[in-house]
Amino acid sequence: LKVPNYIHFTDDPTTTLIEIIESAKPDKLALLVDENTRLWCLPLLERFSADLIIEIESGEKNKNLNTCQNIWQELTTAGFSRKSIMVNLGGGVIGDMGGFCASTFKRGIRFVNIPTTLLAAVDANIGGKLGIDFMGFKNHIGVFNNPMAVIVTDKFLDTLPKRELRSGYAEVIKHGLIADEKYFEKLRDSTFPEMDWQEIIRHSIGIKGSVVAEDPLEKGRRKILNFGHTLGHAIETYYLNNEKSLLHGEAIACGMILEAHISYQQKLLSKQSLEMICDYLSSIYEPVVIPTISEINELMIHDKKNVGMTINFSLINAIGSCLFDQQVSDKMITEAVYCYGNLK
Ligand SMILES: NC(=O)c1ccc[n+]([C@@H]2O[C@H](COP(=O)([O-])OP(=O)(O)OC[C@H]3O[C@@H](n4cnc5c(N)ncnc54)[C@H](O)[C@@H]3O)[C@@H](O)[C@H]2O)c1
Ligand SMILES: [Zn+2]
């Protein structure tokens, strides 16, 4: 497995961060946090100090151009230069947006990401995708760029709400399903409270890192990481306009059940594997109310991953193996939605 060279695993994030910063010799240092990571995560970096702390309000709804403008303004007012460094301490929102702001400020300054959620550690911080939401479209404006360093530790997970932990875990399960059968089995044999998160994070980063290394700009094989995401994304978008909230991983867990079902209908996946996947996912994630088939179609047409009108799926042809650019008929989607309804 290929772990990107900018990833630093550590049990002592303060020392690792201080060493990286000292050898990089910035003229100024900014730290980006939200109210939760300031409260819960910053105290774990006890000997670290920044010239400027920028605090933004947490949440996906703030991952937008307005917040970027505030960040760029604060950097400008505090006299930041191209020799400065920005440290982003937080989940995927902070990492994606902080990285985007750093990558565009004065045509790009160096930045260090410190993921504090499981999702950010196993997914958002590997692969160089940075950006913000725009006009209701997720990650619509952004760039590909890698951080100078990503500091990875499971130390921050203790304060993470359990629901957020479970949401990030969906991407971990996905890594097993698309690329590593043994990993999936190991996950299935463990129980939630006694997970070795540092080990899981390391392995998941290895899987995503290897896939991304082969195809950094998502022209081909990197698309396997989208398993569960074509329908999952539609469900996530549907819930944006719903009073009930649904986290990304919760939507993806549902998307993986549906897309495993489609994989089965396409005769790629055995019935036995399908049942194993559905049983495991349903043991962790509550069933959710999903949009109707016509609503799903409407939502998917706007999905930027689709070229023209054909909707391409990444489907698994066994546990631990995935195909991309698979065309799926409406009938199969309808059938999968129907079966999901019967799971409950
Ligand atoms: N760049 C990529 O390749 C990529 C991949 C997947 C997801 N993403 C992006 O990641 C974002 C989602 O990331 P997320 O799930 O980390 O959500 P998030 O960044 O919104 O964090 C979730 C919540 O947990 C809080 N929090 C963070 N760390 C904490 C801690 N240690 N203790 C207590 N509270 C803590 C945050 O303040 C927030 O309220 C989305 O915007 C998504 O688009 C990007
Ligand atoms: Zn995802």
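Start at 1 and go down the list; that is how both ligands and their atoms are numbered. If you're wondering where the values come from, they're calculated on a predicted model, not measured in any experiment.
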Looking only at heavy atoms, the pair that brings Ile319 and Met276 closest together is CD1-SD, 4.0 Å
Hey, what's the angle at the Zn ion (ligand 2) spanning OE2 (Glu171) and NE2 (His229), nearest 10 degrees?
-> 110°
Residues in contact with ligand 1, criterion: heavy atom under 4.0 Å = Asp34, Asn36, Thr37, Trp40, Cys41, Ser58, Glu60, Lys63, Gly91, Gly92, Val93, Asp96, Thr116, Thr117, Leu119, Asp123, Ala124, Lys129, Lys138, Asn139, Phe156, Thr159, Leu160, Pro161, Glu164, Lys208
Electrostatic pair Glu35-Arg38, nearest N-O below 4.0 angstrom | no
Assess the side chains of [X] and [Y]: does a donor N or O sit below 3.5 Å from an acceptor N or O?
X      : Y      : answer
His8   : Thr16  : no
His261 : Glu335 : no
Asp133 : Asn64  : no

List, by chain and number, the other hydrophobic cluster members for Leu17, where Ile, Leu, Val, Met, Phe, Trp and Tyr join if side-chain heavy atoms come within less than 4.5 Å, directly or indirectly.
-> Ile20, Ile21, Leu29, Leu31, Val33, Leu42, Leu44, Leu45, Phe48, Ile53, Ile85, Val87, Leu89, Val112, Ile114, Met148, Ile151, Phe156
The Zn ion (ligand 2) - name of the N/O/S atom of His248 that sits closest to it | NE2
Does a side-chain heavy-atom distance below 4.5 Å link Leu269 with Ile277?
-> yes
